[in-house]
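Take a look at the structure set out below.
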Amino acid sequence: MLKIKVILGSTRQQRFGEQPAKWIVEKAKAKWLDVELLDLRDYPLPFFDEPMSPTAAMRQEGAYPFPVSTKWAAKIGEADGFIFVTPEYNHGYSAVMKNAFDYVGREWNKKPVGFVGYGTVGAARAVDQWRPVTTEQQMVPLKIAVAIVAPWMLPKNADGMTDLSGSDAQADMMLDELVWWADALKAARDKNATTK
């Protein structure tokens, strides 16, 4: 079973991100995926201050000097693919998410990443900025993304939560693409590991 990590890219008070994060977790579970939500509040990483870049050639996978970064990198290393649930701050991604991304090196490599963006324009500009950043870590950013536009304008369910069902079709397409790439890249990583 493919392991997918959904990363909630906001830690601010009264964040909306918990709602789309929990929604996409349930959508992914319906695709028979092993899904885990990673909330950056549970990984209080300081601004990147480790003595060596995680992408340094001499660094081995999993070789992180601080307990919180070791814990974070282990979670990233478990994954076969990712979904970034991203807000858009000042036409870009959140600093806390970029900081968490920069803490990890090889554990990101050769894995797909999908995006669920929310905000005035569905975080389209933040998602566009994530694409070259993730590509630099040898990830495959998916073409299809979920854009939750102006969520404060959406109707509420009976339980008071925002009704995200208008994004169901987009989410299903993104998840199907994620599964395809995660399967293909996992097979390639496994084949490469057996030939070493």
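All residue numbers in this chain count up from 1 along the given sequence. Model, not experiment: these values are computed from the prediction.
Atoms CG and NZ, from Asp42 and Lys75 in turn, are 10.5 Å apart once rounded to the nearest 0.5 Å. Between the OG1 atom in Thr86 and the CD atom in Gln129 there is a gap of 9.0 Å [rounded to 0.5 Å]. Between Gln138 atom CD and Leu185 atom CG the span is 11.0 Å, to the nearest 0.5 Å. To the nearest 0.5 Å, atom CD of residue Gln170 and atom CG of residue Leu175 are 11.0 Å apart. Note that NZ of Lys27 and NZ of Lys31 are 7.0 Å apart. Values are rounded to the nearest 0.5 Å.
Cluster membership check: Phe101 shares its hydrophobic cluster with Val127, using side-chain heavy-atom separations under 4.5 Å among Ile, Leu, Val, Met, Phe, Trp and Tyr. Linking Ile, Leu, Val, Met, Phe, Trp and Tyr residues whenever their side-chain heavy atoms come within less than 4.5 Å leaves Val25 and Leu38 in two separate clusters. In the hydrophobic clustering of this structure, Leu178 groups with Trp23; members are Ile, Leu, Val, Met, Phe, Trp, Tyr whose side-chain heavy atoms approach within less than 4.5 Å, directly or through other members. Residues Val146 and Leu37 fall within the same hydrophobic cluster, defined by Ile, Leu, Val, Met, Phe, Trp and Tyr side chains chained together at heavy-atom separations under 4.5 Å. A single hydrophobic cluster is seen to contain both Val96 and Phe115, as judged by linkage of ILVMFWY side chains at heavy-atom distances under 4.5 Å, directly or through other members.
Tyr93 and Trp130 have tilted rings, their planes meeting at an angle from 30° to 60° on a 0 to 90° scale.
Using a distance-only test at 3.5 Å, with no hydrogens or angles considered, no donor-acceptor pair links the side chain of Lys110 to the main chain of Arg106. With Asp159 contributing its side chain and Met161 its backbone, the two residues share a donor-acceptor pair below 3.5 Å. In terms of modelled atom types and a separation under 3.5 Å, the side chain of Glu88 and the main chain of Val121 share no donor-acceptor contact. For Glu107 (side chain) and Ile76 (main-chain N/O), no donor-acceptor pair under 3.5 Å exists by modelled atom type.
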Identify each donor-acceptor pair in which a side-chain atom of residues 2-11 lies under 3.5 Å from a protein atom, sequence neighbours left out, and give them as a table.
unit_1	atom_1	unit_2	atom_2	d
Lys5	NZ	Glu36	OE1	2.5
Lys5	NZ	Glu78	OE1	2.8
Ser10	OG	Arg12	N	3.4
Ser10	OG	Tyr89	OH	3.1

- Message: Set out, in order, the CA-CA distance, both residues' side-chain angles and the distance that settles side chain to side chain contact (heavy atoms under 4.5 Å, CB included) for Asp80 and Arg189, then state yes or no.
- Response: CA-CA 10 Å; Asp80 296 310; Arg189 289 194 315 273; 2.9 Å; yes
- Residues Lys111, Trp181; criterion side chain to side chain contact (heavy atoms under 4.5 Å, CB included); working and verdict: CA-CA 8 Å; Lys111 298 174 184 178; Trp181 279 104; over 6 Å; no
- Item | Residue pair Glu136, Arg131: steps toward the salt bridge (charged side-chain N to carboxylate O under 4.0 Å, His left out) verdict | CA-CA 9 Å; Glu136 179 63 20; Arg131 294 182 194 286; over 6 Å; no
- Task: List the steps and the verdict of side chain to side chain contact (heavy atoms under 4.5 Å, CB included) for Val149 and Thr120.
- Result: CA-CA 6 Å; Val149 178; Thr120 305; over 6 Å; no
- Item | side chain to side chain contact (heavy atoms under 4.5 Å, CB included) between Phe48 and Ser69, intermediate numbers included | CA-CA 10 Å; Phe48 182 76; Ser69 57; over 6 Å; no
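A 4.5 Å side-chain heavy-atom check between Leu154 and Leu164 finds at least one atom pair inside the cut-off. Here the side chains of Ile148 and Thr162 are not in contact, with every heavy-atom distance at 4.5 Å or above. Side-chain contact between Tyr103 and Thr70 is absent, with no heavy-atom pair separated by less than 4.5 Å. For the pair Met139 and Asn109, the minimum side-chain heavy-atom distance is 4.5 Å or more. At a threshold of 4.5 Å between non-hydrogen side-chain atoms, the residues Phe84 and Val116 do not count as touching. Looking at heavy atoms from C-beta onward, Phe47 lies in side-chain contact with Asn99 at the 4.5 angstrom threshold. The side-chain heavy atoms of Val133 and Lys98, taken from C-beta on, include a pair separated by under 4.5 Å. When side chains are defined from C-beta on, Pro112 does not count as touching Trp180, because their heavy atoms never get closer than 4.5 Å.
In terms of heavy-atom proximity, Pro151 sits nearest to Tyr118 at CG-CB, 4.5 Å. Of all heavy-atom pairs spanning Gly119 and Trp152, the tightest one is C-CH2, 4.0 Å. Contact between Pro87 and Ala126 at its shortest, heavy atoms only, is O-CB, 3.5 Å. In plain terms, the two heavy atoms of Ala100 and Leu40 that are nearest each other are CB-CD2, 3.8 Å. The minimum heavy-atom distance linking Pro20 with Val85 is given by the pair CG-CG1, 4.1 Å. Considering every non-hydrogen atom in both Ile144 and Met173, the closest pair reads CD1-CB, 4.0 Å.
For the pair Asp39 and Arg15, the salt-bridge criterion is met [side-chain N within less than 4.0 Å of a carboxylate O].
When the shell of 6.0 Å around NZ of Lys143 is examined, it contains 12 or fewer heavy atoms from other residues, nucleotides or ligands. In Asn90, the CG atom is not crowded: 12 or fewer heavy atoms of neighbouring residues, nucleotides or ligands sit closer than 6.0 Å. The neighbour count for Trp32 CH2, taken as heavy atoms of other residues, nucleotides or ligands under 6.0 Å away, does not exceed 12.
Checked against the 6.0 Å centroid criterion, the rings of Phe82 and Trp108 qualify as a close aromatic pair.
Clustering of Ile, Leu, Val, Met, Phe, Trp and Tyr side chains at separations under 4.5 Å leaves Phe66 isolated, with no partner residue.
A cation-pi arrangement is present between Lys71 and Tyr43, with the terminal nitrogen or guanidinium carbon under 6.0 Å from the aromatic centre and inside a 45° cone about the axis.
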